[in-house]
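Read through the structure below, which is laid out as structure tokens, and then see the notes.
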Number of protein chains: 2
Amino acid sequence: MSTPDINSWQSVQDEVLRRIHNRIWKPGAQIPNETDLAKEFNCGRTTVNRALRELAESGILERKRKSGTRVALHPVSRAVIAVQIVRREIEERGASYGYALIDRTVDTPPHAVTFAMELAQGEEMLHVRAVHLADGVPYALEDRWICLRTVPQARDYDFAQKSANEWLLENVPYNRATLSILATPASAFEQEYLAVSDKASILHVERATWRDKGPVTFVTISYQPGHRIISTTTS
Amino acid sequence: MSTPDINSWQSVQDEVLRRIHNRIWKPGAQIPNETDLAKEFNCGRTTVNRALRELAESGILERKRKSGTRVALHPVSRAVIAVQIVRREIEERGASYGYALIDRTVDTPPHAVTFAMELAQGEEMLHVRAVHLADGVPYALEDRWICLRTVPQARDYDFAQKSANEWLLENVPYNRATLSILATPASAFEQEYLAVSDKASILHVERATWRDKGPVTFVTISYQPGHRIISTTTS
DNA sequence: TAGTGGTCTAGACCACTGA
DNA sequence: CAGTGGTCTAGACCACTAT
């Protein structure tokens, strides 16, 4: 073999990727089974399995029992976005963080919110709006609905010092979440609190979370115009 | 033990998550080491390792050799976005796909493009613009620069029938990619080809790819207003 | 230096699925 | 039914790092 030693799952992965990139294994083509590859690379089948499993998870290979492993024809690559609290997002940019509560009311959420939370309408929830500042300038708005049935303790917290963003993460664990990204023109509320014109285009991240079967919260983060969400991509 | 049988890595993971959610293991706290957990669950250490490794990859646990495994204090959850060719995106919505080339020129890319591709300015590239249609209606615009040094064969392809999006994926593999999501008001070009007003807010996905050290392409996909990018979230 | 996670191995059995 | 991937196990050694 002209290739360097192949004895770790990482090196197996590298060699497989090399063969795919060099068209030794073409898109759609079947590759040898795990046992044969293990023999060829002189390593255990477990090692080959780990290498191939990760490539299948990242969409480069397609595996099926009995019929074997193929190079994906139309690889669906997976971009990963790190979702974290806004304070950390700001601090990681090297800016100083500020927070201001705008209002906190108990109200009936609009249909868009109950729909995203997979609920019927009519239930009252806690509605919290706030602005996150970077070096004193508005960085993002937070518009959040909290389900008081699942999170009754939110009724006693005023969110004046600590954002709901952070308070929930520290106090209310969740099991399941959805995330949606969209763009809209700046609403009147956004124009006022982000200090932008009605021509501004705003990037929104909407996130709903559940704990077991109970809805926890639905939040929209609206970013200052020009904001980018950057992904750390995999292969 | 009152818990159901724990004998697969999946059930180990479920049990660990249950303990974290129920605050049996609190944020920041250390959990038992792999050997002890294997004993408790009456399974192999390898099984525990796989369960914990995945949780560490998804940001719920933090692991360090010698010092052990802790529940993450500020979990950075990872939202995964599937990036695939626009044709499949449209077909998965149950619409019929259409494609039209707008123009194809050789030109010097603007600074924003060379910057994203990590290049010096001055090099000529192939510039291809096209519209993707869903049921005959503009769905997204593709504005693409292709590096002719890395992909010389693009000079001979006209992109009249098949989009660059698809042609590149089938013919030019890449190793590395970046992805960026942003919102802007509709440009004159977007207003014309997406048939929207100057008040429209457009969601863009920018993607640059490289093969080994060579830049392959930089593309901006501009979606029809109202488009959402939806994530399949983990844990 | 010692404790922890990271990985490899050989062998085994199971689950799925195409022929 | 038979071939393939999916997983588990016990044991081993290695790599990193707190002390």
Side-chain angles (χ1 to χ4, degrees), chain A residues 1 3-17 19-20 25 27-73 75-76 234-235, chain B residues 1 3-17 19-20 25 27-73 75-76 234-235:
Chain A
M1 283 291 115
T3 52
D5 281 1
I6 293 175
N7 38 25
S8 68
W9 68 268
Q10 201 81 62
S11 60
V12 169
Q13 207 172 70
D14 289 347
E15 174 61 14
V16 169
L17 282 172
R19 292 186 186 185
I20 293 172
W25 292 338
Q30 184 149 9
I31 76 174
N33 68 32
E34 295 188 344
T35 314
D36 290 350
L37 286 174
K39 270 183 213 145
E40 190 199 335
F41 296 149
N42 196 32
C43 68
R45 181 167 81 92
T46 320
T47 308
V48 174
N49 179 272
R50 168 134 190 214
L52 298 189
R53 175 166 38 89
E54 295 215 340
L55 292 176
E57 277 167 11
S58 79
I60 291 174
L61 296 177
E62 283 168 3
R63 320 193 75 190
K64 251 192 270 182
R65 280 157 153 136
K66 165 86 176 178
S67 54
T69 301
R70 296 178 169 280
V71 181
L73 261 181
V76 179
T234 53
S235 81
Chain B
M1 285 290 116
T3 52
D5 280 2
I6 292 175
N7 38 25
S8 68
W9 68 267
Q10 203 85 67
S11 59
V12 170
Q13 205 171 72
D14 289 347
E15 173 60 14
V16 169
L17 282 173
R19 293 186 185 184
I20 293 172
W25 291 338
Q30 185 148 9
I31 74 174
N33 68 32
E34 296 188 344
T35 313
D36 290 350
L37 286 174
K39 270 184 214 143
E40 189 198 337
F41 296 149
N42 197 32
C43 68
R45 181 167 80 94
T46 319
T47 307
V48 173
N49 180 272
R50 167 133 190 215
L52 299 189
R53 176 165 37 88
E54 295 213 341
L55 292 176
E57 277 167 12
S58 78
I60 292 174
L61 295 177
E62 282 167 4
R63 320 193 75 192
K64 251 193 272 182
R65 281 157 151 134
K66 166 85 177 179
S67 56
T69 302
R70 296 178 170 280
V71 180
L73 261 181
V76 178
T234 54
S235 91

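Here is the naming used below: chain letters follow the sequence lines, and residue numbers restart at 1 for every chain.
With sequence neighbours left out, D14(B) forms a side-chain contact (heavy atoms from CB on, under 4.5 Å) with no residue at all. Remark: E62(B) pairs with no residue by the salt bridge (Lys or Arg N to Asp or Glu O under 4.0 Å) rule, at least two apart or across chains. Remark: Q10(A) pairs with S8(A), Q13(A) by the side-chain contact (heavy atoms from CB on, under 4.5 Å) rule, at least two apart or across chains. Remark: R50(A) pairs with E54(A) by the salt bridge (Lys or Arg N to Asp or Glu O under 4.0 Å) rule, at least two apart or across chains. In terms of the side chain to side chain donor-acceptor pair (under 3.5 Å) criterion, residue partners of T69(A) (sequence neighbours excluded) are, by chain and number, R63(A). Residues meeting the salt bridge (Lys or Arg N to Asp or Glu O under 4.0 Å) test with R45(A), sequence neighbours left out: E34(A).
Rounded to the nearest 0.5 angstrom, L61(B) CG and L55(B) CG are separated by 5.0 Å.
Distances shorter than 4.0 Å separate none of the side-chain N or O atoms of N49(A) from OP1 or OP2 on dG5(D). Taking side-chain N and O atoms only, T69(A) has a distance below 4.0 Å to OP1 or OP2 of dG5(D).
Taking atom CZ on F41(A) and atom P on dT7(C), their separation rounds to 18 Å, with Å as the unit. Taking atom CZ of residue R53(B) and atom C1' of nucleotide dT4(C), one finds them 16 Å apart after rounding to whole Å. W9(A) places its CH2 atom 18 Å from the C1' atom of dT7(D), with the value rounded to the nearest Å.
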Which pairs, protein N/O on one side and nucleotides 12-19 of chain D N/O on the other, fall under 3.5 Å?
from	atom 1	to	atom 2	distance (Å)
dA12(D)	N6	R45(B)	NH2	3.0
dA15(D)	N3	R65(B)	NE	3.1

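Between dG5(C), dG6(D), dT7(C), one nucleotide has an atom nearer to the side chain of R50(A) than all others, and that is dT7(C).
Residues from residues 31-39 of chain B that place a heavy atom under 4.0 Å from any atom of DNA chain C, listed by number: N33(B), E34(B).
Heavy-atom nearest nucleotides on DNA chain D were determined for T46(A) and for G68(A), and the one closer to the 5' end corresponds to G68(A).
Remark: the backbone N or O of N7(B) is paired with a side-chain donor or acceptor of S11(B) at under 3.5 angstrom.
Among the atoms of the strands shown, only primed sugar atoms or phosphate atoms (P, OP1, OP2) are found under 4.0 Å from some heavy atom of T47(B).
Using a 4.5 Å cut-off on side-chain heavy atoms (C-beta onward), V71(B) and I31(B) make contact.
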